[in-house]
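Working notes for the structure below.
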Amino acid sequence: MNKEKINRKSKGFNLLDIMIVIVIVAFIGGGWYAYSHYTENQQENKRVVEYQVELKGVDQSFVDAITQGDPLRESVKGNNLGKVASKEVVAAANVNTDFLNGKYVAVTVPDKLDVVLNISSEAEVSEKSITVGGLEIKIGQKIFVKGKGYAKEGYLLNINIKE
């Protein structure tokens, strides 16, 4: 019985325990170092971006609801798109085929308007992508825009990166 009590006695730290502690501390230190450089690089890549989104076939009440400075969100995922810098309104037009003359003709749509929103936002700009509020944007992309009192899908027309 005494022999069993002697064998159960703790011997303290050994070489294996010290190596495990050193490896754990090295992993934590390396992770902290990598994360700090990652967030530092993200801050360096932030730039002000202005881009245009075209919303087609809307009513006058929709246009009146849009005001300069409105915060905009992407209505599917909820990403922050920025703020309305300005808006341009033109009469809505569709391109139809004129089969008699063999050409395409632009025809205005009665009581409908097309709106081009100029949106200003801070974005992360890299060599491969431009990301606004966690959403990667590209010219020609369909975007679902939502503001206070209005929501509509549109297409991204232009991206201008401010230096």
Side-chain angles (χ1 to χ4, degrees), residues 24-163:
I24 291 172
V25 169
F27 274 132
I28 292 172
W32 176 76
Y33 179 78
Y35 179 73
S36 65
H37 282 318
Y38 173 74
T39 55
E40 183 179 304
N41 287 340
Q42 279 187 328
Q43 293 301 323
E44 291 175 1
N45 293 336
K46 289 206 181 250
R47 297 225 173 98
V48 174
V49 173
E50 289 184 355
Y51 57 100
Q52 295 177 331
V53 176
E54 180 182 36
L55 309 174
K56 296 185 78 58
V58 297
D59 296 331
Q60 184 62 41
S61 61
F62 186 93
V63 174
D64 294 339
I66 302 170
T67 57
Q68 187 174 355
D70 278 351
L72 297 176
R73 299 191 78 71
E74 202 267 337
S75 62
V76 175
K77 295 181 181 175
N79 299 73
N80 183 17
L81 295 178
K83 294 189 178 195
V84 176
S86 64
K87 66 181 176 183
E88 299 167 18
V89 181
V90 295
N94 284 337
V95 177
N96 293 339
T97 306
D98 183 3
F99 291 110
L100 296 175
N101 297 323
K103 50 184 169 174
Y104 295 102
V105 179
V107 178
T108 59
V109 180
D111 298 330
K112 294 292 180 180
L113 302 168
D114 289 344
V115 180
V116 176
L117 295 178
N118 293 314
I119 302 170
S120 179
S121 178
E122 189 173 86
E124 293 176 22
V125 179
S126 69
E127 293 177 2
K128 296 181 179 181
S129 67
I130 300 171
T131 306
V132 175
L135 178 70
E136 186 176 332
I137 60 172
K138 297 177 182 174
I139 294 175
Q141 172 183 1
K142 184 187 283 190
I143 295 182
F144 296 91
V145 177
K146 179 172 86 170
K148 187 175 181 180
Y150 56 92
K152 180 86 171 142
E153 72 177 31
Y155 289 93
L156 202 132
L157 299 178
N158 187 19
I159 301 173
N160 187 11
I161 301 170
K162 300 292 183 181
E163 295 295 328

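The figures here come from the full heavy-atom set of this structure, side chains too, leaving out hydrogens, waters and symmetry mates.
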With a 4.5 Å heavy-atom cut-off, do [X] and [Y] have their side chains touching?
{"X": "Y51", "Y": "L81", "answer": "yes"}
{"X": "L72", "Y": "Y150", "answer": "yes"}
{"X": "V84", "Y": "T67", "answer": "no"}
{"X": "L117", "Y": "Q52", "answer": "no"}

Exercise for review: Show your reasoning for whether side-chain contact (heavy atoms from CB on, under 4.5 Å) applies to V145 and E153.
Suggested key: CA-CA 6 Å; V145 177; E153 72 177 31; over 6 Å; no
Provide the closest heavy-atom pair for [X] versus [Y] in the form atom of the first, atom of the second, distance.
{"X": "G134", "Y": "N79", "value": "C-ND2, 3.5 Å"}
{"X": "I143", "Y": "L156", "value": "CD1-CD1, 3.3 Å"}
{"X": "R47", "Y": "V125", "value": "CB-CG2, 4.1 Å"}
{"X": "A123", "Y": "I130", "value": "CB-CG2, 4.0 Å"}

Measuring from atom [atom1] of [X] to atom [atom2] of [Y], what distance do you get when rounded to the nearest 0.5 angstrom?
{"X": "E54", "Y": "L157", "atom1": "CD", "atom2": "CG", "result": "5.0 Å"}
{"X": "K138", "Y": "S129", "atom1": "NZ", "atom2": "OG", "result": "8.0 Å"}
{"X": "L135", "Y": "S121", "atom1": "CG", "atom2": "OG", "result": "10.0 Å"}
{"X": "N158", "Y": "I139", "atom1": "CG", "atom2": "CD1", "result": "5.5 Å"}
{"X": "K56", "Y": "K152", "atom1": "NZ", "atom2": "NZ", "result": "10.0 Å"}
{"X": "Q68", "Y": "N118", "atom1": "CD", "atom2": "CG", "result": "10.0 Å"}

Exercise for review: Just grab all the salt bridge (Lys or Arg N to Asp or Glu O under 4.0 Å) pairs involving residues 74-98, residues at least two apart or on different chains.
Suggested key: none
Review point. Does D64 CG have over 12 foreign heavy atoms under 6.0 Å away?
Key: yes
Check your understanding: Between the side chain of R73 and the main-chain N/O of K146, is any donor-acceptor distance below 3.5 Å?
Key -> no
